[in-house]
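Worksheet for the structure shown next.
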Amino acid sequence: MKRGVNGFRPERLAQVLDARGISQVQLAAIAGVSAGSISKWRNGLQEPQTDALAHLARAVNVQPSWFLKPIPEFDASVQLFRSNASALKSARALMSARHSWSKELVAEFGEFVEYPSVVFPQRSFLDPNEITNEEIELAASECRQLWKLGLGPIPDVVLAIENAGGVVVREVTGLARIEGLSSWCAVNERPFVFLSADKANGFRSRFDAAHELGHIVLHKNISPHIAQANHKEMERQAHYFAGAFLLPAETFSAEVPSMPTLDTLLALKPRWKTSVAAMQMRLAALELIDEREQLNLWKRRSARFGGKSEPLDDQLVPEQPRLMRRAVGLIVESGVMLREEIPDRVGLSAGDVENLAGLPEGYFAPVTSRVVDLNAVRLRRG
Amino acid sequence: MRIGRFCTHHSKWNNAKRSKRRLDVASHNQWLERMVQPGLFGEQSKGPLIAVFLVSVYSSDVRIQPELPLSVEIAVLDTTLSERLFSEPLNVFLGRYAQPAEQQDIARVRLKAAVKKQQDSQP
């Protein structure tokens, strides 16, 4: 009996199935092996032979050696998704796998580069039920103070998180129902935020980033089973944090007249870079409008704008992360590694690394040299 | 937007109406008048322009700060320049609009000392 490749990691196969969003049967068809073999490899009952591993790696667009790398225990906190209830389990698994890959990339690059120090407000809540709205207001205010953001509109939320040592990934996932994901990483000892770039709406993306920041600050120490039981409340708290962080009570309330209309909020939208809906929620949270006014505004908003989008939504370019892109740039520019060697070293495809690190498409494509006919040059000079 | 200015006493803003030019500027605020005090008759109009006045308000007493205004107000007046549709000291008005903080980009990476040393030692 032939023996398989020693050191094959079944958990890698499970992870790549999640990241690519394909089933065992689909992978079997692409790789040209039986579904039974895939199942045995995945469950650790058998290991693929060298040629089968090569087929497998080609089918999922990773290096064969990638299947031999153990997956470190990355999560120092529970992974919290910003999604609606109908988001599929497979969609969550896909995003979670890519979130883990971003942590792995940062750890790989971290062998050569140093990232900014981690400066986030510390909170040690163990149960979401002990977090009051006042605590959330204080945490958001402390965040602004710590990061010297003043009380006005924040120019760039993603930059604020990265300045404080957080890592942000913004990627098109094809999953409209999940807007973001965040967690603390034990290996890199810093928080990671994954934002979906599918809805190209800069206002919404800023709010998503602020929402994830809320989870990072408030829910770092919440255990998985408590998080599962209190998911709805934790989402509400992250929403509340995002509102308090983006629209501070002192300054935002001073700019809004006593009976705000949709047009008033629309006029404030470009200044605060926050959607009308988010401003309505904030006004209600600050009790600047009562329940009746809030309902009235929702009805008018729905009648005028519809449920999906608002005017000016296309007027703000989504904020782009920069930290990982800079790490790759430094590694290449300082000659630590050749540009085209990087995807091979991490074991992922060039496209995966480009997307996760926010690099331009084709960044790792080999530069084709142009052959110059010296005789022709000489003739032209003559 | 049209911007005008004038000086007046703090007790009564009676100086404004003396200028035909100012009345002309304030005529743009007709639509705002209707917004503040809607009338039963008259067409609803939307004005593309608004006239704002910067008003230096002096004390009417020479013993109290005669050289400097007590306050500088930002005011939107009606078309007859006799009613204030909006008026607020300039510092209070500006104070409500907090400036966005200047955000520095410090999300920088640097080579680890050992890697840099190794790079430097290479020919």
Side-chain angles (χ1 to χ4, degrees), chain A residues 106 109-117 119 144-145 147-168 247-248 250-257 261 263 268 271-273 319-331 333-337 357, chain B residues 1 3 28-38 44-52 71 73-78 83-123:
Chain A
V106 168
F109 303 148
E111 285 185 31
F112 309 108
V113 299
E114 275 177 22
Y115 298 104
S117 309
V119 188
R144 273 184 171 258
Q145 273 180 9
W147 297 351
K148 298 183 175 64
L149 292 172
L151 287 170
I154 298 169
D156 191 325
V157 176
V158 168
L159 175 61
I161 296 172
E162 291 194 316
N163 275 348
V167 179
V168 182
L247 306 164
E250 307 93 309
T251 41
F252 176 64
S253 60
E255 289 186 22
V256 182
T261 63
D263 289 310
L268 290 170
R271 175 172 152 71
W272 286 95
K273 297 182 183 175
E319 297 163 356
Q320 299 298 325
R322 56 196 54 70
L323 201 58
M324 259 212 270
R325 175 164 46 85
R326 285 178 177 167
V328 175
L330 183 62
I331 288 168
E333 280 161 27
S334 56
V336 174
M337 233 190 287
Chain B
M1 183 186 282
I3 300 177
H28 293 295
N29 288 349
Q30 199 175 14
W31 65 282
L32 277 170
E33 260 178 50
R34 286 185 188 147
M35 222 171 157
V36 176
Q37 186 63 55
Q44 285 289 321
S45 62
K46 259 198 165 181
L49 281 174
I50 177 173
V52 174
S71 72
E73 307 235 343
I74 184 161
V76 179
L77 302 172
D78 72 348
E83 294 287 331
R84 298 178 217 178
L85 302 175
F86 171 83
S87 162
E88 202 167 71
L90 202 54
N91 56 343
V92 174
F93 180 79
L94 292 176
R96 287 205 279 116
Y97 295 90
Q99 291 299 308
E102 265 197 35
Q103 201 176 11
Q104 283 187 328
D105 183 351
I106 50 167
R108 302 275 166 191
V109 289
R110 57 168 191 260
L111 277 186
K112 282 192 166 171
V115 177
K116 197 167 187 312
K117 208 172 166 185
Q118 201 181 348
Q119 290 297 106
D120 292 345
S121 64
Q122 280 177 359

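Each chain gets a letter, A, B and so on, in the order the sequences are listed, and its residues count up from 1.
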| request: Taking atom CD of B:Glu83 as the centre, report whether more than 12 heavy atoms of other residues, nucleotides or ligands fall under 6.0 Å from it. | output: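 For B:Glu83, atom CD is not crowded (no more than 12 foreign heavy atoms under 6.0 Å).
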
ask   = Does B:Gln118 CD have over 12 foreign heavy atoms under 6.0 Å away?
value =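 No.
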
Under 4.5 Å from any heavy atom of chain B, what part of [X] do you find: side chain, backbone, both or neither?
X        : value
A:Arg326 : both
A:Ala160 : both
A:Arg271 : side chain
A:Glu250 : neither

I'd like to know if B:Arg110 pairs up with A:Glu114 as an ion pair, taking the criterion as any Lys NZ or Arg NE/NH1/NH2 lying under 4.0 Å from an Asp or Glu carboxylate oxygen.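 Between A:Glu114 and B:Arg110 there is a salt bridge, with a charged N closer than 4.0 Å to a carboxylate O.
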
For [X] versus [Y], what's the shortest heavy-atom pair and its separation?
X        : Y        : result
B:Val109 : A:Leu330 : O-CD2, 3.7 Å
A:Pro116 : B:Ile106 : CG-O, 4.1 Å
A:Leu323 : B:Arg108 : CD1-N, 4.4 Å

Flag the one option from [options] with the top tally of heavy-atom pairs under 4.5 Å to chain B.
options                                : result
A:Ile161, A:Val336, A:Thr251           : A:Val336
A:Gly165, A:Ala254, A:Ala164, A:Gly166 : A:Ala254
A:Asn163, A:Val113, A:Leu151           : A:Asn163

Chain A contact via B:Gln104 - side chain, backbone, both or neither, heavy atoms under 4.5 Å =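 Just the backbone, heavy atoms under 4.5 Å.
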
key: Interface moiety of B:Val115 toward chain A, non-hydrogen atoms closer than 4.5 Å   =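 Side chain of B:Val115 only, per the 4.5 Å heavy-atom cut-off to chain A.
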
Could you walk me through whether B:Asp105 and A:Glu162 pass the side-chain contact (heavy atoms from CB on, under 4.5 Å) check?
CA-CA 9 Å; B:Asp105 183 351; A:Glu162 291 194 316; over 6 Å; no

